[in-house]
Enquirer: 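I have a structure here, written as structure tokens, and I will follow up with some questions on it.
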Amino acid sequence: MYHRIKGTRDILPDEIYQWHYVEDKIRNYLERCNYQEIRTPLFEVTELFARGIGTDTDVVSKEMYTFQDKGHTSLTLRPELTAPVLRAYLQNNLNQLSPITKLYYLGPLFRQERPQKGRLRQFNQFGFEIIGSEHPEADAEVIQAVFAIYQELGINDLKVRINSIGSRDSRRYYLDLLHKTLAPHAGEFCATCQQRLERNILRLFDCKLESCQALLDQYAPLILDHLSNADILHFEEVQALLTAAFVPFEIDQKLVRGLDYYTRTTFEITSSLLGSQDAICGGGRYDHLAEDLDGPPTPAVGVASGMERLLMILNEIQAIPQPTVDLIYIAILGDNARQAAFQLVSRLRAQGYAVEMDFMRRSLKAQMREAGKKGADWVIIIGEDEIQKDQLIVKNMTSGEQKNLQLSRATEQLETILR
RNA sequence: GUGGGUGUAGCUCAGAUGGUAGAGCAACAGGUUGUGGCCCUGUCGGUCGCGGGUUCAAGUCCCGUCACUCACCCCA
């Protein structure tokens, strides 16, 4: 017997309605914001991710599913969607159609990590991007919109954290400063932090060790104290806009995101209902990604939200309504009734009804049980007797009432009963 | 990659000190002749993850291995 590979999931029929429900809600809200859907390939040339996300990031350095195709091109199953979306935006010259483009997506991503709660190797995200605007209202809309989607789905206890890591220039200045300040104390940090100090200094803030955090509190300059005036202004306006839109948030100067392309605004929304991986979405501004991908300078901001994590929360708070079934079941008795029944099935379906008939040739009792189990509202019984008398029986499964109708005029007569 | 937990019927789980397995639910069939949901009865269903070892005897002890899971790193 074959098994699913590690970190993947089968979404079975009794769960799929949840996905449909959530996807509908997401699409509905995003289309109210006038985002348009985009679908890009599941794999891309490896270099797109290496250049877009950054070779030093964990995602690129150790989590990608990379392989060679027969033309010896290195391909990678997409580990995130911002870079592919921007690639598509540039390649198809969407910037020629309008200076501003709002895109959303929904689909699977792949990262070869050790699976755990809320973390899979193939997982789904929805996300959206505003490409073309450098202004804080774009940042604010992205945060406001994801937050609103969660609210419409019935989730309330969420924590929105925002930060600004500055434009590239002021960030470079800050990183230098940070390094200069901390280097003399390097020996006091834990082993991994010592590596972070040299490789990816912002990650120091992620360390869970109290000793390291204490050192940071003592020595590290705070990023917000070292941004340019323009950065500060931008960040303040984002905050003002969020406040105006009633989005609660807190500033977290230690919020650092793991992808290199971010500039200025970064944010994350977390839920206490998830496990240790508590972020339901994350995003930010990436004003230089277009250039990094050899396009013209194009400011942009976006967010990516985990579908599985979203569903975990919704199940936890039981916020997904049961699906409604709307089914007519046709019970058949005897070989002579089968053709008439099958004909009725096809007629009723053509009229728009959901209809299913018995395929097991079992007793009427068993067929009724089956109909009940499937949640059928009506059962139509066609047996040998009925064929003889040009009749059929319609039974209402809720009230238990049943009526005889004329088989040859079944479709018209049913119309009035089934409504 | 590192550490912890778990692995017994389709599902959820019980199986003290070792003596070759059970329950509930589900499935299926009956409870009079062609009618569901409740109730009752019965039936089906397991090489106890896999491989070694100890023992007269192992689901139960030991070793190994695989899988799942949670956590670290990082992220959705």
Side-chain angles (χ1 to χ4, degrees), chain A residues 1 3-9 12 14 53 56-64 78-82 106-127 146 190-193 195-196 199-200 202-203 206-209 255-259 266 268-271 274-283 302-313 329 331-334 337 358 360 362-387 391-402:
Chain A
M1 181 139 62
H3 285 84
R4 181 169 9 102
I5 64 175
K6 189 197 287 293
T8 64
R9 288 192 42 202
L12 300 176
D14 67 348
I53 304 170
D56 282 346
T57 60
D58 278 24
V59 169
V60 171
S61 64
K62 54 184 202 195
E63 296 170 3
M64 296 204 300
R78 62 193 196 188
E80 60 105 53
L81 264 163
T82 299
L106 208 56
L109 303 176
F110 308 85
R111 306 225 272 243
Q112 191 161 186
E113 299 179 84
R114 191 72 139 220
Q116 70 184 74
K117 185 170 186 182
R119 169 185 289 156
L120 295 161
R121 289 186 170 184
Q122 176 177 335
F123 60 101
N124 290 272
Q125 287 185 344
F126 78 89
V146 249
C190 70
T192 46
C193 276
Q195 289 181 349
R196 290 180 176 128
R199 291 207 40 108
N200 201 337
L202 278 179
R203 288 290 165 63
D206 279 341
C207 190
K208 300 244 160 51
L209 291 178
L255 174 63
V256 172
R257 313 232 72 244
L259 311 178
T266 60
E268 197 168 281
I269 300 181
T270 55
S271 164
L274 295 170
S276 164
Q277 309 305 323
D278 62 353
I280 182 174
C281 77
V303 62
S305 174
M307 290 291 290
E308 285 82 0
R309 289 183 190 179
L310 179 53
L311 285 167
M312 277 165 69
I313 295 173
Y329 190 89
I332 301 166
L333 280 158
D358 167 63
M360 296 301 287
R362 293 189 293 183
S363 68
L364 182 59
K365 186 191 181 84
Q367 293 185 52
M368 293 303 293
R369 212 190 306 122
E370 187 72 16
K373 204 161 56 189
K374 286 174 188 281
D377 309 300
W378 301 91
V379 173
I380 293 174
I381 301 168
I382 302 180
E384 315 245 1
D385 295 356
E386 283 72 25
I387 299 289
Q391 275 190 350
L392 57 72
I393 298 169
V394 200
K395 174 166 181 163
N396 181 311
M397 291 296 271
T398 312
S399 65
E401 290 170 29
Q402 57 184 52

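In the text below, chain A, chain B and the rest are named by the order of the sequence lines, each starting its count at 1.
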Enquirer: Closest heavy-atom contact between Val394(A) and Ile380(A)?
Expert: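 Val394(A) and Ile380(A) have their closest heavy atoms at CG1-CG1, 4.2 Å.
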
Enquirer: Under a 3.5 Å limit for both distances, which nucleotide forms a Watson-Crick or G-U wobble pair with G36(B), could you say?
Expert: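 No nucleotide pairs with G36(B).
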
Enquirer: Could you give the distance from CE (Met360(A)) to CD1 (Ile332(A)), rounded to the nearest 0.5 Å?
Expert: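 Spacing of CE (Met360(A)) from CD1 (Ile332(A)) equals 13.0 Å.
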
Enquirer: How close or far is atom C1' of C11(B) from atom CG of Leu12(A), stated in whole angstroms?
Expert: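 Roughly 13 Å, once rounded to whole Å.
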
Enquirer: Which residue pairs pass the side chain to side chain donor-acceptor pair (under 3.5 Å) test with at least one member in residues 374-385 of chain A, sequence neighbours excluded?
Expert: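 Sorted pair list: Asn336(A)-Glu384(A), Glu356(A)-Lys374(A).
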
Enquirer: Quick one: is C72(B) close enough that its OP1 or OP2 comes under 4.0 Å of any side-chain N or O from Ser276(A)?
Expert: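 Yes, Ser276(A) has a side-chain N/O under 4.0 Å of OP1/OP2 on C72(B).
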
Enquirer: With rounding to the closest Å, how many angstrom separate the P atoms on A14(B) and C72(B)?
Expert: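 Looking at atom P only, A14(B) and C72(B) are 27 Å apart.
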
Enquirer: What interatomic distance, in whole Å, is found between C1' of C62(B) and the corresponding atom of G18(B)?
Expert: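 Approximately 13 Å lies between the C1' atom of G18(B) and that of C62(B).
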
Enquirer: Once hydrogens and angles are ignored, does a donor-acceptor distance under 3.5 Å link the base of C73(B) to the side chain of Arg114(A)?
Expert: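 Answer is no: no donor-acceptor pair is held.
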
Enquirer: When all nucleic acid strands are considered with a 4.0 Å heavy-atom cut-off, which category describes Ala304(A): base, sugar-phosphate, or nothing?
Expert: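 Ala304(A): backbone/sugar contact only, no base atoms under 4.0 Å.
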
Enquirer: Assign A16(B) to syn or anti; the rule is syn for a glycosidic angle within 90° of 0 and anti otherwise.
Expert: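 Syn, since the glycosidic angle lies within 90° of 0.
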
Enquirer: Taking the minimum atom-to-atom distance to the side chain of Lys117(A), which one of C72(B), A76(B), A71(B) wins?
Expert: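 When the side chain of Lys117(A) is considered, A71(B) is the closest of C72(B), A76(B), A71(B).
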
Enquirer: Between the side chain of Arg78(A) and the main-chain N/O of Pro108(A), is any donor-acceptor distance below 3.5 Å?
Expert: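 Confirmed, Arg78(A) side chain pairs with Pro108(A) backbone.
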
Enquirer: Do Glu113(A) and C73(B) share a donor-acceptor pair, side chain to base, under 3.5 Å?
Expert: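 Checked by distance alone, the answer is no.
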
Enquirer: In whole Å, I'd like the distance from the CZ atom of Arg119(A) to the C1' atom of A76(B).
Expert: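 It works out to 10 Å between those atoms.
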
Enquirer: Between G36(B) and G31(B), how far apart are the C1' atoms? Round to whole Å, please.
Expert: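 15 Å, rounded to whole Å.
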
Enquirer: Evaluate the side-chain proximity of Ile313(A) to Ile280(A): yes if any heavy-atom separation is below 4.5 Å, no if none is.
Expert: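 Yes, their side chains come closer than 4.5 Å.
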
Enquirer: What nucleic acid atoms does Gly118(A) come within less than 4.0 Å of, heavy atoms only: base, sugar-phosphate, or nothing?
Expert: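 Since a base atom lies under 4.0 Å of Gly118(A), the category is base.
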
Enquirer: Rounded to whole angstrom units, what separation is found between the CG atom of Leu274(A) and the C1' atom of C70(B)?
Expert: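 Atom CG in Leu274(A) sits about 15 Å away from atom C1' in C70(B).
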
Enquirer: So that I can tick it off, tell me whether Glu401(A) and Lys395(A) are bridged by a salt bridge, with the cut-off set at under 4.0 angstrom between side-chain N and carboxylate O.
Expert: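 A salt bridge is absent here (no side-chain N lies under 4.0 Å from a carboxylate O).
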
Enquirer: Please report the distance separating the C1' of G3(B) from the corresponding atom of C73(B), rounded so that it comes out in whole Å.
Expert: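 Looking at atom C1' only, G3(B) and C73(B) are 13 Å apart.
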
Enquirer: Given the P atoms of U69(B) and G15(B), what is the spacing between them in whole Å?
Expert: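 Each nucleotide's P atom is 24 Å from the other's.
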
Enquirer: Does A29(B) pair with anything, Watson-Crick or G-U wobble, both distances under 3.5 Å, and if so, with which nucleotide?
Expert: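 Result: U41(B).
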
Enquirer: Roughly, in whole Å, what's the span from CG in Leu120(A) to C1' in C74(B)?
Expert: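 After rounding, the reported distance stands at 15 Å.
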
Enquirer: May I ask you to say what Leu310(A) touches in the nucleic acid, namely base, sugar-phosphate or nothing, with a heavy-atom cut-off under 4.0 Å?
Expert: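 The residue Leu310(A) makes no contact with any strand.
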
Enquirer: U20(B) and G1(B): how far apart are their P atoms, nearest whole angstrom?
Expert: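 To the nearest whole Å, 42 Å.
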
Enquirer: How close or far is atom P of C74(B) from atom CD of Gln112(A), stated in whole angstroms?
Expert: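 Distance check: Gln112(A) CD to C74(B) P gives 19 Å.
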
Enquirer: Applying the Watson-Crick and G-U wobble criteria at under 3.5 Å, what pairs with U65(B)? Answer none if nothing qualifies.
Expert: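 Its partner is G49(B) (Watson-Crick or G-U wobble, both distances under 3.5 Å).
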
Enquirer: Does C70(B) have its OP1 or OP2 closer than 4.0 Å to a side-chain nitrogen or oxygen of Gln116(A)?
Expert: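 Answer no for this pair, as no side-chain N or O of Gln116(A) is under 4.0 Å from OP1 or OP2.
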
Enquirer: Counting only Watson-Crick or G-U wobble pairs whose two distances fall under 3.5 Å, which nucleotide matches A9(B)?
Expert: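 When the pairing criteria are applied, nothing turns out to pair with A9(B), so the answer is none.
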
Enquirer: I'd like to compare against my own output: the B/S/- annotation of nucleotides 25-38 of chain B with a strict under-4.0 Å heavy-atom distance to protein.
Expert: --SSS-B--BBBB-

Enquirer: Hey, is the side chain of Gln277(A) poking within less than 4.0 Å of OP1 or OP2 on C72(B), counting only N and O atoms?
Expert: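 The answer is yes; a side-chain N or O of Gln277(A) sits under 4.0 Å from OP1 or OP2.
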
Enquirer: As a test of reading the structure: which of C70(B), A76(B), C68(B) is closest to the side chain of Ala279(A), going by heavy atoms?
Expert: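 Looking only at heavy atoms from C-beta outward on Ala279(A), the closest nucleotide is A76(B).
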
Enquirer: The test is salt bridge (Lys or Arg N to Asp or Glu O under 4.0 Å); show your working for Glu113(A) and Arg121(A) and say whether it passes.
Expert: CA-CA 6 Å; Glu113(A) 299 179 84; Arg121(A) 289 186 170 184; over 6 Å; no

Enquirer: When you compare C13(B) with A26(B), how far apart are their C1' atoms, in angstrom units rounded to a whole number?
Expert: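 My reading of the C1' atoms in C13(B) and A26(B) gives 14 Å.
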
Enquirer: Please give, in whole Å, the distance from A67(B) C1' to Arg121(A) CZ?
Expert: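 Checked: the CZ to C1' distance equals 13 Å.
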
Enquirer: Does the structure show a Watson-Crick or G-U wobble partner for G18(B), both distances under 3.5 Å? Name it, or say none.
Expert: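 Partner of G18(B): none.
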
Enquirer: To the nearest angstrom, how far is Arg111(A) atom CZ from A76(B) atom C1'?
Expert: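 The distance from CZ of Arg111(A) to C1' of A76(B) comes to 7 Å, rounded to the nearest Å.
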
Enquirer: What integer distance in Å separates Glu63(A):CD from G1(B):P?
Expert: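 The answer, rounded to whole Å, is 14 Å.
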
Enquirer: When you compare G45(B) with G22(B), how far apart are their C1' atoms, in angstrom units rounded to a whole number?
Expert: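 My reading of the C1' atoms in G45(B) and G22(B) gives 13 Å.
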
Enquirer: Mapping Glu308(A) and His3(A) to their closest nucleotides on RNA chain B, which lands nearer the 5' end?
Expert: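 Its nucleotide being nearer the 5' end, the pick is His3(A).
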
Enquirer: Side-chain contact test, heavy atoms from C-beta onward, threshold under 4.5 Å: evaluate it for Arg309(A) versus Gln277(A) and give yes or no.
Expert: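 Result yes, sub-4.5 Å side-chain heavy-atom pair found.
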
Enquirer: With a 4.0 Å cut-off, would you call Glu370(A) and Arg362(A) a salt bridge?
Expert: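 Yes, this pair counts.
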
Enquirer: May I ask which nucleotide in the shown strands pairs with C72(B), Watson-Crick or G-U wobble, both distances under 3.5 Å?
Expert: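 Here C72(B) is engaged in a pair, and the nucleotide opposite it is G1(B).
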
Enquirer: Apply side-chain hydrogen bond (donor to acceptor under 3.5 Å, both in side chains) to Asn396(A) and Gln402(A), showing your working.
Expert: CA-CA 6 Å; Asn396(A) 181 311; Gln402(A) 57 184 52; over 6 Å; no

